[in-house]
A.B. asks: 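Sharing a structure below in structure tokens format, with a few things to ask.
The sequence lines fix the lettering, A, B, ..., with proteins before strands; numbering per chain opens at 1. Just so it is clear, the values below take in all heavy atoms, side chains as well, and ignore hydrogens, waters and symmetry mates.
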2 protein chains.
Amino acid sequence: MAAQTNRRELAHPSRVEIRLEDVLHALSDPQRLRIVCEVAREAEGLTCSQVGLPVAKSTLTHHFRVLRECGVVQQVYRGTAKMNRLRREDLEVLFPGLLDGVLRAARAQAGRGAG
Amino acid sequence: MAAQTNRRELAHPSRVEIRLEDVLHALSDPQRLRIVCEVAREAEGLTCSQVGLPVAKSTLTHHFRVLRECGVVQQVYRGTAKMNRLRREDLEVLFPGLLDGVLRAARAQAGRGAG
DNA sequence: GCACTAGTACGATACCTTTCGTATTACGCT
DNA sequence: AGCGTAATACGAAAGGTATCGTACTAGTGC
């Protein structure tokens, strides 16, 4: 009935509401950093449960919410699942080069056998 | 007892010990982000008290210690003061572009009137 | 030696976070 | 309608963190 995409709307910060500290904080959690790396790999997005993380479902929900509320990911309901996508464009406009820098750094570190 | 530069030696992580999550966590605190921006401006480094932050002295010490222990700044005693410098080279080798990306983002955000 | 300055250590407080389990809601399919 | 799946909400436990004040240590200069 509703309009946009679905009945259930999710609260996302607008572009100008995104704060660097919040983004950095969100990315500073090892689990969330992994989530972001995985989501980044899929341009189409991932559902929450497609991210293979060794945590309880409610914990996963928590992490995705943190990522959404700080503006790192966009979440859209799609049937019973929820698609997660990085807000690449918003982040790029606000903080040019930052996201890619973090992703590259995360992969480099994982490559060194630390992730 | 040792000799390197001064009697009082400070524990710094070696380059390979620096972890991305810790760096991001350190930078995600507003006060520390400000500290880093200020220190970044001075190639010579700054003493702890030269950073004009509206916090107690012991709080400042705490923040500098976090920054040192995660590998973002190098601290060296210089008489009664302590010089703080960014570990630009180490960070650049480990996480190319990351530090500059964060600094640019922080300044951009401050420029938008949020910092 | 003494006072001054720069910074540390320690303990307390208040708050925030990560994690979990369980109960619940929303949707798709038969 | 009923079942299964995806995810949320809520409450609890455990641990971390930002902040402060006060007491302390280490150099500098008189």
A.B. asks: Kindly say whether, by distance alone, the side chain of A:Ser58 makes a donor-acceptor pair under 3.5 Å with the base of C:dG21?
C.D. replies: yes

A.B. asks: Looking only at side-chain atoms of B:Lys57, point me to the closest of D:dA7, D:dA26, C:dG7.
C.D. replies: C:dG7

A.B. asks: What's the CG-P distance between A:Leu27 and C:dT18, to the nearest Å?
C.D. replies: 12 Å

A.B. asks: Any side-chain N or O of B:Arg65 under 4.0 Å from OP1/OP2 of C:dG7?
C.D. replies: no

A.B. asks: A:Leu91 and A:Ile18: side chain to side chain contact (heavy atoms under 4.5 Å, CB included), yes or no, with the steps?
C.D. replies: CA-CA 8 Å; A:Leu91 293 172; A:Ile18 296 176; 4.3 Å; yes

A.B. asks: Compare the minimum distances between each of C:dG7, D:dG21, D:dA7 and the side chain of B:Ala56, then state the nucleotide with the smallest one.
C.D. replies: D:dG21

A.B. asks: More than 12 heavy atoms of other residues, nucleotides or ligands under 6.0 Å from CZ of A:Arg107: is that the case?
C.D. replies: yes

A.B. asks: Under 4.0 Å: is that the gap between some side-chain N or O of B:Ser49 and OP1 or OP2 of C:dG7?
C.D. replies: yes

A.B. asks: Touch check for B:Thr59, heavy atoms < 4.0 angstrom, all strands: base, sugar-phosphate only, or nothing?
C.D. replies: base

A.B. asks: Could you tell me how far apart B:Leu60 (CG) and D:dC20 (C1') are, to the nearest whole angstrom?
C.D. replies: 13 Å

A.B. asks: Once you round it to whole Å, what is the distance between P of C:dT22 and NE2 of A:His62?
C.D. replies: 20 Å

A.B. asks: Within the pair A:Arg78 and C:dG28, is there a side-chain N or O less than 4.0 Å away from OP1 or OP2?
C.D. replies: no

A.B. asks: B:Gln50 or A:His25: which one's nearest nucleotide on DNA chain C is closer to the 5' end?
C.D. replies: B:Gln50

A.B. asks: Hey, which sits more toward the 5' end of DNA chain D by its nearest nucleotide, A:Thr61 or B:Gln31?
C.D. replies: A:Thr61

A.B. asks: Just how far, in rounded Å, is C1' of D:dA7 from NE2 of A:His63?
C.D. replies: 15 Å

A.B. asks: Can you check the B:Arg34 CZ to D:dA18 P distance for me, whole Å?
C.D. replies: 16 Å

A.B. asks: Once you apply a heavy-atom cut-off of 4.0 Å, does A:Val55 come out as touching a base, just sugar-phosphate, or nothing?
C.D. replies: sugar-phosphate

A.B. asks: Any chance you could lay out the side chain to side chain contact (heavy atoms under 4.5 Å, CB included) test for B:Arg87 and B:Arg68, step after step, and finish with the verdict?
C.D. replies: CA-CA 9 Å; B:Arg87 294 179 63 175; B:Arg68 167 169 51 83; over 6 Å; no

A.B. asks: Name the one of A:Gln50, A:Gln75, A:Gln74 that satisfies side chain to side chain donor-acceptor pair (under 3.5 Å) with A:Asn84?
C.D. replies: A:Gln75

